[in-house]
There are 2 protein chains.
Amino acid sequence: MLRIAKLTDYAALLMVRLAREPARCFSAAQLADELGLPSPTVAKLMKRLLRAGLLTSVRGAGGGYCLALAPHAISVADVVEAIEGRVALTECAVGKGVCALEPDCATGANWQRISRAVRAALDTVRLDDMARTPWQPVRMQGLKEKLS
Amino acid sequence: MLRIAKLTDYAALLMVRLAREPARCFSAAQLADELGLPSPTVAKLMKRLLRAGLLTSVRGAGGGYCLALAPHAISVADVVEAIEGRVALTECAVGKGVCALEPDCATGANWQRISRAVRAALDTVRLDDMARTPWQPVRMQGLKEKLS
DNA sequence: CACTAATAGGACTGTATCGGTGCTAATTGG
DNA sequence: CCAATTAGCACCGATACAGTCCTATTAGTG
Ligand code: FES
Ligand code: FES
């Protein structure tokens, strides 16, 4: 269905939460509790985001994570790539000649072009866009959640 | 890695092959043989593409498939959606409140926006773009294939 | 009217990836 | 020294995917 991994969705939630208070540091447990996510999973995600350079960390008691860059400087593409690796729609776009099908098959180049276009689309949305909420929850479901 | 399914890649190959001779009809076996793909898989894909309205079929001996529209009227997005279903990066973009996390979480709307952007990116490339090969295979691998 | 070639549609299965969990270091503050 | 917290890896179960096969149905051919 051309969907991102669920973990990526979680990661986006985490990053958006951090983007709401960029200066503050959060522990993994704290974030898990606040967002209602399983804390081991959150811990794992934070590690990946850290490795990608999107976060800085402080170890030891009272430690935690905070954004390495300003919210407007981090895009959804960055988060996706931090969790899932480079955006490459097809095998042939990443490896070399795995598809090795038709000798005069040049779709590989086209897929690379398409991958770049998708990457660009993901790059247009930044964390501050996600954090800002210029959107009214008109859906029933949203209201129901508010009531509970 | 935000990749399309391998079957989608195959489907694209098939469609591009058809686009090279839009008037001609091909049998599934013929296409499989020509492209070096497993024929049951090709048969399955053709069925899905047919259902999506991208192909027309003729049954019986001497039958086969051919494009339902002109090559320039079919985009990569069409092919992707024929095989994988609607482009929806996240659960919440397709279902209703599966993620049900933060009450004031509005990232769902953002994901829908992003999904549309990705869809648009895939829509920019049409079959005739893919069929046309304005691209020189400078890669070693390409040359090697040509030699064999 | 058989027989063959081909699509139509579905069921089934092995496998790879993903989501999730747990454990063991290393580090920091009290 | 102890508690809190990150760092890194290893493992395991579920889910979705790739691939195969089987049974209709339809159309041409001798
Ligand atoms: S399909 Fe990947 S290069 Fe041909
Ligand atoms: S993450 Fe889907 S609506 Fe909040």
Side-chain angles (χ1 to χ4, degrees), chain A residues 1-14 18 25-33 35-66 68 80 82-85 88-91 94 98-99, chain B residues 1-14 18 24-33 35-66 68 80 82-85 88-91 94 98-99 101:
Chain A
M1 204 179 291
L2 194 57
R3 67 169 19 147
I4 60 174
K6 211 196 297 182
L7 288 180
T8 308
D9 197 358
Y10 292 166
L13 275 179
L14 293 167
L18 291 183
C25 274
F26 296 81
S27 76
Q30 198 176 347
L31 286 167
D33 180 56
L35 296 174
L37 298 174
S39 74
T41 300
V42 170
K44 188 193 217 172
L45 287 171
M46 299 309 276
K47 287 168 197 168
R48 286 204 215 175
L49 292 168
L50 175 77
R51 274 202 161 182
L54 266 41
L55 298 176
T56 57
S57 66
V58 177
R59 296 226 263 195
Y65 298 94
C66 53
V80 170
I83 304 299
E84 315 202 3
L89 279 315
T90 57
E91 279 292 342
V94 55
V98 189
C99 70
Chain B
M1 205 178 289
L2 193 57
R3 69 169 19 148
I4 61 175
K6 211 197 295 183
L7 287 180
T8 308
D9 196 359
Y10 292 167
L13 276 178
L14 292 168
L18 290 183
R24 193 170 147 200
C25 274
F26 296 82
S27 76
Q30 198 176 346
L31 287 167
D33 181 55
L35 297 174
L37 298 173
S39 75
T41 301
V42 170
K44 187 192 218 173
L45 287 172
M46 298 309 275
K47 288 168 197 167
R48 285 204 214 174
L49 292 168
L50 174 77
R51 274 203 159 182
L54 267 40
L55 298 177
T56 58
S57 66
V58 177
R59 295 227 264 194
Y65 298 94
C66 53
V80 170
I83 303 298
E84 315 201 4
L89 278 317
T90 57
E91 279 294 339
V94 55
V98 189
C99 70
L101 297 167

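Residue numbering restarts at 1 for every chain, and letters A, B, ... go by the order of the sequence lines.
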Expressed as a whole number of angstroms, how long is the span from [X]:[atom1] to [N]:[atom2]?
{"X": "L45(A)", "N": "dG8(D)", "atom1": "CG", "atom2": "C1'", "result": "15 Å"}
{"X": "I83(B)", "N": "dA16(D)", "atom1": "CD1", "atom2": "P", "result": "18 Å"}
{"X": "R3(B)", "N": "dA16(D)", "atom1": "CZ", "atom2": "C1'", "result": "15 Å"}
{"X": "L55(A)", "N": "dA7(D)", "atom1": "CG", "atom2": "C1'", "result": "14 Å"}
{"X": "L50(B)", "N": "dA8(C)", "atom1": "CG", "atom2": "C1'", "result": "9 Å"}
{"X": "K6(B)", "N": "dT20(D)", "atom1": "NZ", "atom2": "P", "result": "11 Å"}
{"X": "D9(B)", "N": "dA18(D)", "atom1": "CG", "atom2": "C1'", "result": "13 Å"}
{"X": "M46(B)", "N": "dA6(C)", "atom1": "CE", "atom2": "C1'", "result": "13 Å"}

Phosphate OP1/OP2 of [N] contacted by [X] side-chain N/O (<4.0 Å):
{"X": "S57(A)", "N": "dT5(D)", "answer": "no"}
{"X": "Y10(A)", "N": "dC18(C)", "answer": "no"}
{"X": "R51(A)", "N": "dC9(D)", "answer": "yes"}

Just how far is it from atom [atom1] of [X] to atom [atom2] of [Y], taken to the nearest 0.5 Å?
{"X": "Q30(B)", "Y": "Y65(B)", "atom1": "CD", "atom2": "OH", "answer": "12.5 Å"}
{"X": "M46(B)", "Y": "S39(B)", "atom1": "CE", "atom2": "OG", "answer": "12.5 Å"}
{"X": "K47(A)", "Y": "R51(A)", "atom1": "NZ", "atom2": "CZ", "answer": "10.5 Å"}
{"X": "T41(B)", "Y": "Y10(B)", "atom1": "OG1", "atom2": "OH", "answer": "7.0 Å"}
{"X": "L2(B)", "Y": "T8(A)", "atom1": "CG", "atom2": "OG1", "answer": "8.5 Å"}
{"X": "L14(A)", "Y": "D9(A)", "atom1": "CG", "atom2": "CG", "answer": "10.0 Å"}

Check nucleotides 11-17 of chain C against the protein and report each pair of N or O atoms closer than 3.5 Å, with its distance, or say if there are none.
none

Point to revise | P40(A), nearest nucleotide to its side chain (from dA6(C), dA18(D), dT21(C)) | key: dT21(C)

Point to revise | Candidates dT6(D), dG19(D), dG20(C) - which lies nearest the side chain of L7(B) | key: dG19(D)

Revision key, fill the gap. Heavy-atom nearest pair, A52(A) first then A82(A), reads CB-CB, 3.4 Å

Review point. Do L18(A) and C66(A) come close enough that some side-chain heavy atom pair is under 4.5 Å?
Key: no

Point to revise | Side chain to side chain, L49(B) and I83(B), heavy atoms closer than 4.5 Å | key: yes

Exercise for review: Could you tell me whether a side-chain N or O of E84(B) sits under 3.5 Å from a main-chain N or O of I4(B), the two making a donor and an acceptor?
Suggested key: no

Practice item. Using a 4.0 Å heavy-atom cut-off across all strands, classify R48(B) as base, sugar-phosphate, or nothing. Key: nothing

Point to revise | Sugar-phosphate, base or nothing in reach of A29(B), heavy atoms under 4.0 Å | key: nothing

Revision key, fill the gap. Per-nt protein contacts along nucleotides 23-29 of chain C (heavy atom under 4.0 Å; B base, S backbone sugar-phosphate only, - none) come out as ---SBBS

